[in-house]
Amino acid sequence: MRLSRLPLTTLKETPADAEVVSHQLMLRAGLIRMLAAGLYSWMPFGLKVARKVETIVREEMDRSGAVELLMPAVQPAELWHESGRWEQYGPELLRFADRHEREFCFGPTHEEVITDIARRELKSYRQLPVNYYQIQTKFRDEIRPRFGVMRAREFVMKDAYSFHLDSASLDETYEEMRLAYCRIFDRLGLEYRYVRADSGAIGGALSHEFHVLADSGEDEIVYSEQSDYAANVEQAPAPAPESPRAEPTQELQEVDTPDQRTIEEVSEFLGTPPKQSVKTLIVEGEEDGSLVALILRGDHRLNAVKAAKIEGIRSPLCFADEAKVREKLDCPVGSLGPAGLDLPLYVDASAAVLSDFVCGANREGVHYIGVNWGRDADPEQVCDIRNLEDGEPSPDGSGPVRSARGIEVGHIFQLGDKYSQAMNCTVLNPDGKEQVVTMGCYGIGITRIVAAAIEQNHDEQGIIWPDAMAPFSVLLCLIGADRDGTVRTTAETLYQQCQEAGIEVLMDDRDLRPGVMFAEADLVGIPHRVVISPRTLEQGRLEYRHRRNLDEAEEVAADGLLEFLQAKITPS
RNA sequence: CGGGGCAUGGCGCAGUCUGGUAGCGCACCUGCUUUGGGAGCAGGGGGUCGUGGGUUCAAAUCCCGCUGCCCCGACCA
C-alpha cells in the first residue's frame with residue numbers, strides 16, 4: 001500500500017479523555033475513532049491489525065479441529081427465557097423489540113443460540129464431540145465502558161462451544177483448547193499467563209483465563225515461581241493462619257481517636273501496626289434490606305468474589321452506602337468494629353486468630369484496644385474473604401507467590417449441562433437412551449488483544465508491533481524523492497520486489513519533511529523500516545532500522561535488500 | 001445505577017467568576033524559502049460556544065430543563 005493513497009491522520013497531541021497508553025496510541029496513530037461511548041470505528045490500519053489477530057486465531061482453531069460457523073448477532077428473547085438468562089442477565093443485555101413487538105437482544109454471548117443449533121443438528125453420540133466456533137461482533141452494555149477498545153460495549157470476540165457425551169470427552173477438548181490458546185498467544189508474540197479462574201456468571205465448574213501481562217491490567221493474578229500454579233486472585237485461596245489464637249492479655253479499653261478514619265491513620269495515631277487491627281466492612285446480606293459485617297485484618301484486602309460466594313452474603317457483593325450505615329448503626333464507617341456491633345460477623349481466618357487487637361468502637365472518633373474474640377465479639381462464621389498477597393505461600397505448597405497485573409484476553413470454561421439441561425439438548429447414547437450433552441465454551445477477545453498488545457509493546461515514541469500483528473511488516477520511507485529521481489525509481493523497484501516476494505510492504509511516498517515522516521513511522525510502529533534517501537543511495541545503499549531498536553541503523557546494498565529483509569522477518 | 005467533573009473550529013485549550021467585537025497552539029488550504037527527527041515567513045478557510053427554554057437593551061458568560069462525554073465504585077472477551 002502507498003501512504004499517498006491513504007488519508008492517515010495522526011495526532012501530535014494526546015486526546016484528553018484517553019486514560020491508558022493503548023487507547024492514547026490507538027487514537028494518535030489513527031487505528032480507531034470513537035463514535036459514542038464504548039463504540040469505535042476501526043480505521044484501515046487498526047482493522048489490518050485486528051484481521052491479523054483474527055487470522056491467527058482462526059488458523060489455530062481450525063488446527064485444533066474446531067469448525068467455524070456464524071450465528072446471528074440478534075437473538076430472540078424466547079431462547080433466553082428457556083435458559084433463564086433473560087431475567088438473570090440484567091441491564092448489560094441490550095434488549096429491543098421489532099415492529100411486531102417481539103422481543104430480541106443483541107447477543108453478548110451465544111450459549112443459547114448454539115445450544116438451539118446443537119439440539120436440532122445433533123441426534124447421535126456418534127456425532128460427538130463437536131466444537132463450533134465463530135468470530136463475531138458482540139454487544140455488552142457495560143456499566144462503564146473505558147480504556148478504548150479494551151472495555152468497549154461493541155467488540156469482536158471469537159467464541160467456541162463444544163458438545164460431548166461425557167466429561168472425559170469434555171476434558172480432552174478443554175485441554176486441546178488450552179493448547180490452541182497457548183499456540184495463539186505464542187504466535188502473537190505476547191507475554192501471557194493462563195490462570196485458574198472464577199467462572200462468574202457464565203456458570204460451570206472448571207475455568208481458566210488467559211492474561212496478557214501489563215501493569216495497566218484490570219485483573220490481579222498470582223503465580224508460583226516454583227511450580228505452574230497460577231490463578232486469578234479472585235479465586236486463589238489465602239493460606240490458613242500459621243499460629244492459633246493467643247490468649248488475651250489485655251482488657252478491652254476505649255481510646256479517643258478524633259478524626260482518625262482509615263486503618264493507616266488509626267495505626268499511626270495509636271502506634272500499633274495495621275496487622276494488629278481489624279477493618280470492618282458493611283455489605284448487604286442475602287435477605288432484602290439486611291446488612292452483614294465483613295471483618296479483615298487491617299493490612300489485608302477484601303476479595304469480593306470469594307465473599308459473595310458465602311451463604312448469607314448477597315451476590316454480587318454490594319457495599320452498604322455510607323448513609324445507610326449511619327442510619328442503621330449511627331456511626332460513620334471509619335469508626336466501625338466487631339465489638340458490640342449488632343450484625344452477623346463474617347470474619348476472615350487471619351483476623352480471627354488475632355488477640356488484643358484494635359478496632360472501631362462504633363462511635364464516631366472512638367476506637368477499642370485490647371479487643372479479643374470470644375470475650376468481646378463472636379464471629380457468625382470464620383471464612384476466607386481476603387486476597388492472597390505477593391510473597392505469601394502458594395496454595396499448592398510450592399513456595400511464595402508473585403503477583404502481577406493482567407489483561408484478560410481469553411477465557412475457557414467447562415460448562416457441564418447448565419444450558420443443555422435447561423434447553424433439553426440431548427443425543428442418543430450407545431444404549432439408545434436420550435442423554436443430555438455436556439458442554440464447554442471458549443472465548444477470545446479479538447479487539448481487546450489489539451489493545452493489550454500495545455500495552456505490552458510501546459515506548460515514548462509510539463507503538464512497537466510484534467511481527468505477527470503488525471499492519472505491515474516493512475515500511476519504505478522515501479526522503480528527498482522530489483529532488484532526486486533515483487530515490488523514487490529505487491523505491492518503486494523495491495516496493496515491487498517486496499510485493500512479489502509476499503512481504504507486506506507499506507511505502508511512505510508522501511512528500512513530507514523527514515522529521516514528520518519519522519515521527520509518524522515511530523507512532524504507527526511498523527517493525528522493519530527502510531529509509532531510501534540520496535544520502536546513502538549515492539553509494540547504492542539504504543538504511544535499515546528495527547522499530548524496537550531505533551538507535552541501531554544498518555546500511556544495506558539496495559540490490560540485496562530483499563534477501564536482507566527476508567532474513568529479518570520472522571515467520572509467524 | 002450512585003458520586004464527581006467537563007461540553008467553545010478536526011485536536012488540545014483560554015475566555016464564564018465580574019454579560020457588551022469569539023481568541024490561542026496544533027491540524028487544514030495558497031505562495032515563497034527550507035529538507036535526516038513533528039520547519040520559517042506571509043496570506044487564507046473553517047465555530048448555531050452541546051441542546052431547549054428563561055432573565056436582559058444585550059448571553060459562550062446569569063437561571064432552569066434535557067442530552068452527550070470523561071473520571072471514581074459493583075461487571076467481563
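Values in this document were obtained by computation on a predicted structure and should not be read as measured data. By convention in this document, chain letters (A, B, ...) are assigned in the order of the sequence lines, proteins followed by strands, and residues within each chain are numbered from 1.
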Enquirer: Could you identify the nucleotide paired to B:A14, looking across every strand shown and requiring Watson-Crick or G-U wobble geometry with both distances under 3.5 Å?
Expert: none
Enquirer: Contact class for A:Arg545 vs. all strands (heavy atom < 4.0 Å): base, sugar-phosphate, or nothing?
Expert: base
Enquirer: With A:Leu317 as reference, evaluate A:Leu302, A:Ile385, A:Val305 under the side-chain contact (heavy atoms from CB on, under 4.5 Å) test and give the passing residue.
Expert: A:Leu302
Enquirer: What pairs meet the salt bridge (charged side-chain N to carboxylate O under 4.0 Å, His left out) rule with one or both residues in residues 87-96 of chain A, with sequence neighbours excluded?
Expert: none
Enquirer: Taking B:C26 as the reference, what is the distance to B:U67 when you measure between their C1' atoms (whole Å, please)?
Expert: 29 Å
Enquirer: To the nearest Å, give me how far apart CG (A:Leu281) and P (B:A74) are.
Expert: 12 Å
Enquirer: If you look only at pairs with a residue in residues 148-162 of chain A, which of them pass as a salt bridge (charged side-chain N to carboxylate O under 4.0 Å, His left out), with sequence neighbours excluded?
Expert: A:Lys138-A:Asp159, A:Asp141-A:Arg153, A:Glu142-A:Arg151, A:Arg151-A:Glu218
Enquirer: Which pairs of donor and acceptor atoms, one on a side chain in residues 508-518 of chain A, lie under 3.5 Å apart (sequence neighbours left out)?
Expert:
from: A:Asp508; atom 1: OD1; to: A:Arg510; atom 2: N; distance (Å): 3.3
from: A:Asp508; atom 1: OD1; to: A:Arg510; atom 2: NE; distance (Å): 2.9
from: A:Asp508; atom 1: OD2; to: A:Arg510; atom 2: NH2; distance (Å): 3.0
from: A:Asp509; atom 1: OD1; to: A:Ser4; atom 2: N; distance (Å): 2.9
from: A:Asp509; atom 1: OD1; to: A:Ser4; atom 2: OG; distance (Å): 3.0
from: A:Asp509; atom 1: OD2; to: A:Ser4; atom 2: OG; distance (Å): 2.8
from: A:Arg510; atom 1: NH1; to: A:Glu520; atom 2: OE1; distance (Å): 3.1
from: A:Arg510; atom 1: NH2; to: A:Glu520; atom 2: OE1; distance (Å): 2.8

Enquirer: P atom, B:G23 versus B:G4: distance in rounded Å?
Expert: 36 Å
Enquirer: The criterion is salt bridge (Lys or Arg N to Asp or Glu O under 4.0 Å); which residues satisfy it with A:Lys306, sequence neighbours excluded?
Expert: A:Asp384
Enquirer: Would you mind telling me which of B:G36, B:G38, B:A77 lies closest to the side-chain atoms of A:Glu408?
Expert: B:A77
Enquirer: What's the closest nucleotide to the A:Arg151 side chain, out of B:A39, B:C75, B:G36?
Expert: B:C75
Enquirer: Look at all strands and tell whether A:Arg33 reaches a base, only sugar-phosphate, or nothing, counting heavy atoms closer than 4.0 Å.
Expert: nothing
Enquirer: Without decimals, in angstroms, what is the distance between A:Leu3 CG and B:G38 P?
Expert: 19 Å
Enquirer: Return the pairing partner of B:A77 with a 3.5 Å limit on both distances, Watson-Crick or G-U wobble; otherwise return none.
Expert: none
Enquirer: Identify the nucleotide, in any strand shown, that forms a Watson-Crick or G-U wobble pair with B:G2, with both distances under 3.5 Å; if there is none, say none.
Expert: B:C72
Enquirer: Does A:Val516 reach a base, just sugar-phosphate, or nothing at all? Heavy atoms under 4.0 Å.
Expert: base
Enquirer: So A:Gly410, base contact, sugar-phosphate only, or nothing? Heavy-atom distance under 4.0 Å.
Expert: sugar-phosphate
Enquirer: Measuring from the side chain of A:Glu92 (C-beta onward, heavy atoms only), which nucleotide among B:C75, B:U35, B:A77 has the closest atom?
Expert: B:C75
Enquirer: Taking the same atom, P, in B:C6 and in B:U61, what whole-Å distance lies between them?
Expert: 15 Å
Enquirer: Can you measure A:Met517 atom CE to B:U35 atom P for me and round it to whole angstrom units?
Expert: 16 Å
Enquirer: Using Watson-Crick or G-U wobble geometry with both distances under 3.5 Å, which nucleotide pairs with B:A58?
Expert: none
Enquirer: Within the structure shown, what part of the strands sits under 4.0 Å from A:Ala553 by heavy-atom distance: base, sugar-phosphate, or nothing?
Expert: nothing
Enquirer: Protein within reach of the bases, or only the backbone? For nucleotides 67-73 of chain B, mark each nucleotide 5' to 3' as B, S or -, using heavy atoms under 4.0 Å.
Expert: --SSSBB
Enquirer: Considering every strand shown, what is the Watson-Crick or G-U wobble mate of B:U34 when both distances are under 3.5 Å?
Expert: none
Enquirer: Counting Watson-Crick and G-U wobble pairs only, both distances under 3.5 Å, name the nucleotide matched with B:U48, or none.
Expert: none
Enquirer: Could you tell me whether the side-chain ring of A:Phe155 sits stacked on the base of B:A77, using a centroid cut-off under 5.5 Å and a plane angle under 30°?
Expert: yes
Enquirer: Summarise how protein sits on nucleotides 26-34 of chain B as a single string, 5' to 3': B when a protein heavy atom is under 4.0 Å from the base, S for sugar-phosphate-only contact, - for no contact.
Expert: SS------B
Enquirer: State which residues pass salt bridge (Lys or Arg N to Asp or Glu O under 4.0 Å) with A:Glu59; sequence neighbours excluded, sorted by chain then number.
Expert: A:Arg187
Enquirer: Using a heavy-atom cut-off of under 4.0 Å over every strand shown, decide if A:Arg529 touches base, sugar-phosphate, or nothing.
Expert: base
Enquirer: Please give the distance between the C1' atoms of B:U8 and B:A60 as a whole number of Å.
Expert: 7 Å
Enquirer: In a check of side-chain contact (heavy atoms from CB on, under 4.5 Å) between A:Asn232 and each of A:His208, A:His211, A:Arg196, A:Arg193, which one passes?
Expert: A:His211
Enquirer: Identify which one of A:Val409, A:Leu213, A:Asp186 satisfies the side-chain contact (heavy atoms from CB on, under 4.5 Å) criterion when paired with A:Tyr192.
Expert: A:Asp186
Enquirer: Can you check whether A:Phe472 reaches A:Lys48 side chain to side chain, under 4.5 Å on heavy atoms?
Expert: yes
Enquirer: Does A:Glu286 have any salt bridge (Lys or Arg N to Asp or Glu O under 4.0 Å) partners at least two apart in sequence or in another chain, and if so, which?
Expert: none
Enquirer: Can you identify which nucleotide, out of B:G38, B:A77, B:U35, has its nearest atom closest to the A:Glu520 side chain?
Expert: B:G38
Enquirer: Distance check, C1' atoms only: B:A27 and B:G44, in whole angstrom units.
Expert: 15 Å
Enquirer: What interatomic distance, in whole Å, is found between P of B:C13 and the corresponding atom of B:G50?
Expert: 15 Å
Enquirer: Got a sec, which pairs hit salt bridge (charged side-chain N to carboxylate O under 4.0 Å, His left out) with one end in residues 523-539 of chain A, sequence neighbours left out?
Expert: A:Asp522-A:Arg529
Enquirer: Roughly how far apart, to the nearest Å, are B:U56 and B:C72 at atom C1'?
Expert: 40 Å
Enquirer: Tell me: CZ of A:Arg510 to C1' of B:G36, nearest whole Å?
Expert: 16 Å
Enquirer: Between A:Tyr133 and A:Tyr161, is a ring pair (Phe, Tyr, Trp, His ring centres under 6.0 Å) present by the stated rule, with each step listed?
Expert: CA-CA 6 Å; A:Tyr133 79 96; A:Tyr161 308 88; over 10 Å; no
Enquirer: Determine the interatomic distance between P on B:C71 and the same-named atom on B:U18; round to the nearest Å.
Expert: 32 Å
